[in-house]
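Chain letters run A, B, ... following the sequence lines, proteins first, then strands; residues in each count from 1. Any value given below was found using the heavy atoms of this structure, including those in side chains, with hydrogens, waters and symmetry copies removed. Note that the structure is a prediction, hence the values are computed from the model and not measured.
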Amino acid sequence: MVNLLYTEVLKLKRSKMFMLSILGSAVAPLMVAAAMFVQMQTKGIMAQMDILLLNTSIYAVLVIAVPLYGVITAYLYNREYAEDTLKNLLTIPVPRISLLASKWLLLFGWIMLLTVVTWGMAILSGAIGQFAGFSLSLLLQSLGQYMVAGVLLFLLSTPIVFITLVLKNFVPTIIVTIMITLINVMLATNEHRGLYPWTAALGIANGTLESTYPLIVSYVIIAVTAIAGLIATVVYFKRVDIH
Amino acid sequence: MSVVIKTTNLTKIYGEQKSVDHLNMTVKQGQIYGFLGRNGAGKTTTIRMLLGLIKPTHGEIEIFGENLFTNQKEILRRIGSMVEVPGFYENLTARENLMINAKIIGVHKKNAIDETLEIVGLHNETKKLVGKYSLGMKQRLGIARALLHYPELLILDEPTNGLDPIGIKEMRRLIKDLANERNITIVISSHILSEIEQLVDHMGIIHQGKLLEEVSFDQLRKRNRKYLEFQVSDDNKATMLLENQLEINDYEVHDEGHIRVYSHLGQQGQINRLFVQNDIDVSKIMMSEDRLEDYFTKLVGGGTIG
């Protein structure tokens, strides 16, 4: 598995996707910080660090992350079809499950790295803009919240992987992630947001879910979505003929 | 000679279409086996089944004497393959692409990558990204990748597809050298007879998913080479004359009085004169028009192969 993971990292060498994803993950904190900074300058309201971190996480998780991670997921899994390298890997042979697992591991690392970049950029922007309320405990608490959101979004990548493998194309994956994002935006302040896996993920991470439903319901919905995606992916990929 | 590949009633059905139909194929150790058929005959589907990429609808595959589906991992480790146009990570160099295979397979020989790049003549192109390679270079890199782990069996599906005449010639020389130097069993598929007839020693002909014939190339050549046919009144005396007077030994007697002479093809007049001068009646002289290409055309029907 270590060698397989090494080769997955090697495949990213000179890939523009990595740098683009870093830039993508920096969009939310920069956008939120810029908006707060302008407000601070024009209306004289002191910008608070905790608000910056919370708003960044809302925009990052609900708006940016799903399409961004969807593109990364599609890139990782679909490129073996697009570049016709799958037939080589499977005849070396790499067991199909190991191939899926190594890509999932890389995806996990990639998502967590982008999560840290988003968090780091928020902190950096807040520091440069001299936002109030900087404290070590706030930093650590927000880092924990960002990481939880990252892990939950990673778990919710399994249906995206399934769609990518079945349709063998970037476009349907991107369309699906845009649809998920639109529903995210619609449900962002809805009392039933705990029932939708992607908005539930943000609510769990930030502790902002309303008490309409017990928290366990949101956990179960996320787990069922992730496990169903995982099972569908594994069953499909184990059986599919490679043409 | 031990059997390397043996398929039994290998069948693949898509919907109502039988892509491969009860195919029984046998490849023995050391053979260069040509797998010939028109486009869409079922060659690639068969090869993909041999490599575990496609699951057969039914039938068995034994490779190295073991069932492919129960020992797939161990069997595939002993095989090198290139299926159609090989795919590569275009953002990587040739060396980096081969490194991926070397890491996964666990090739420990230090200079294995350089060695295989040298075999295929790409050792001076190591800094170029594969995305900038020509099709011919990619095909050669595909062979290098297939050879990296010193396989005992090499399976090449249409390795000359899309290559120009010089590329085809180079590929043929490369495969021939490999067979001579490494003494590995090679299965090579093609839809163009002339591309592989100089390479292979055994051949399987597939048409509409069925293996029509599996023969040695010597047999095929003999069966299908040009000849002069004489219909004579006394074949015993005629053959004696051929041997003693003209030193012709490459002939066959078919039916009664029908002699096929495989050499001296332009000398039918001289042979006829010899027979007549020795009181042998010659009732028919015929030059066969059968050539190998025609034979395949007849076998698979239609215009040309491919």
Between chain B and each of [options], count heavy-atom pairs under 4.5 Å; write down the option with the most.
options                   : result
A:Leu12, A:Leu10, A:Leu90 : A:Leu10
A:Asn3, A:Val94, A:Ile92  : A:Ile92
A:Thr7, A:Val240, A:Asp84 : A:Thr7

message: Among residues at least two apart in sequence or on other chains, which ones pass salt bridge (Lys or Arg N to Asp or Glu O under 4.0 Å) with A:Arg79?
response: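 If we apply the salt bridge (Lys or Arg N to Asp or Glu O under 4.0 Å) test to A:Arg79, skipping adjacent residues, the hits are A:Glu83.
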- Proximity of residues 114-136 of chain B to chain A, residues having a non-hydrogen atom under 4.5 angstrom: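 Heavy-atom contacts from residues 114-136 of chain B to chain A are B:Leu129.
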Exercise for the section: Sort by residue number and list every member of residues 68-80 of chain B having a non-hydrogen atom under 4.5 Å from chain A. Expected result: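 Result: B:Lys73, B:Leu76, B:Arg77.
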Check: Which heavy atom of A:Thr91 sits nearest a heavy atom of B:Ser81, and at what distance?
Finding: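 Between these two residues, the closest heavy atoms are OG1-OG, 3.6 Å.
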- Does NZ in A:Lys168 sit with more than 12 non-hydrogen atoms of other residues, nucleotides or ligands closer than 6.0 Å?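 Result for NZ/A:Lys168: enclosed.
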Next item on the list: Could you tell me whether B:Met99 atom CE has more than 12 heavy atoms of other residues or ligands within 6.0 Å of it?
Entry: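 Not buried by this count: 12 neighbours or fewer within 6.0 Å.
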Report the distance from atom [atom1] of [X] to atom [atom2] of [Y], rounding to the nearest 0.5 Å.
X        : Y        : atom1 : atom2 : answer
B:Ile54  : A:Lys87  : CD1   : NZ    : 11.5 Å
A:His243 : B:Thr45  : NE2   : OG1   : 7.5 Å
A:Arg14  : B:Asn91  : CZ    : CG    : 7.0 Å
A:Ser98  : B:Ile104 : OG    : CD1   : 10.0 Å

Residues in ring pair (Phe, Tyr, Trp, His ring centres under 6.0 Å) with A:Phe170, at least two apart?
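So A:Phe170 forms no ring pair (Phe, Tyr, Trp, His ring centres under 6.0 Å) with any residue.
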*Please answer whether the main-chain N or O of A:Tyr6 pairs with a side-chain N or O of B:Lys103 as donor and acceptor at a distance below 3.5 Å.*
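No.
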query = Which bit of A:Glu8 comes within less than 4.5 Å of chain B, counting heavy atoms only: side chain, backbone, both or neither?
reply =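 Looking at A:Glu8, nothing touches chain B.
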Toward chain B, the part of A:Arg96 with a non-hydrogen atom under 4.5 Å: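 Only the side chain of A:Arg96 comes within 4.5 Å of chain B.
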After noting the C-alpha distance and the side-chain angles of B:Leu51 and A:Ile242, does the key distance pass the side-chain contact (heavy atoms from CB on, under 4.5 Å) rule?
CA-CA 10 Å; B:Leu51 293 168; A:Ile242 308 299; over 6 Å; no
So A:Asp241 and B:Arg48, do their side chains get closer than 4.5 Å, heavy atoms only?
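Answer no - side chains too far apart.
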Original post:
For B:Phe88, is it the side chain, the backbone, both, or neither that has a heavy atom closer than 4.5 Å to a heavy atom of chain A?
Top reply: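 Just its backbone gets close to chain A.
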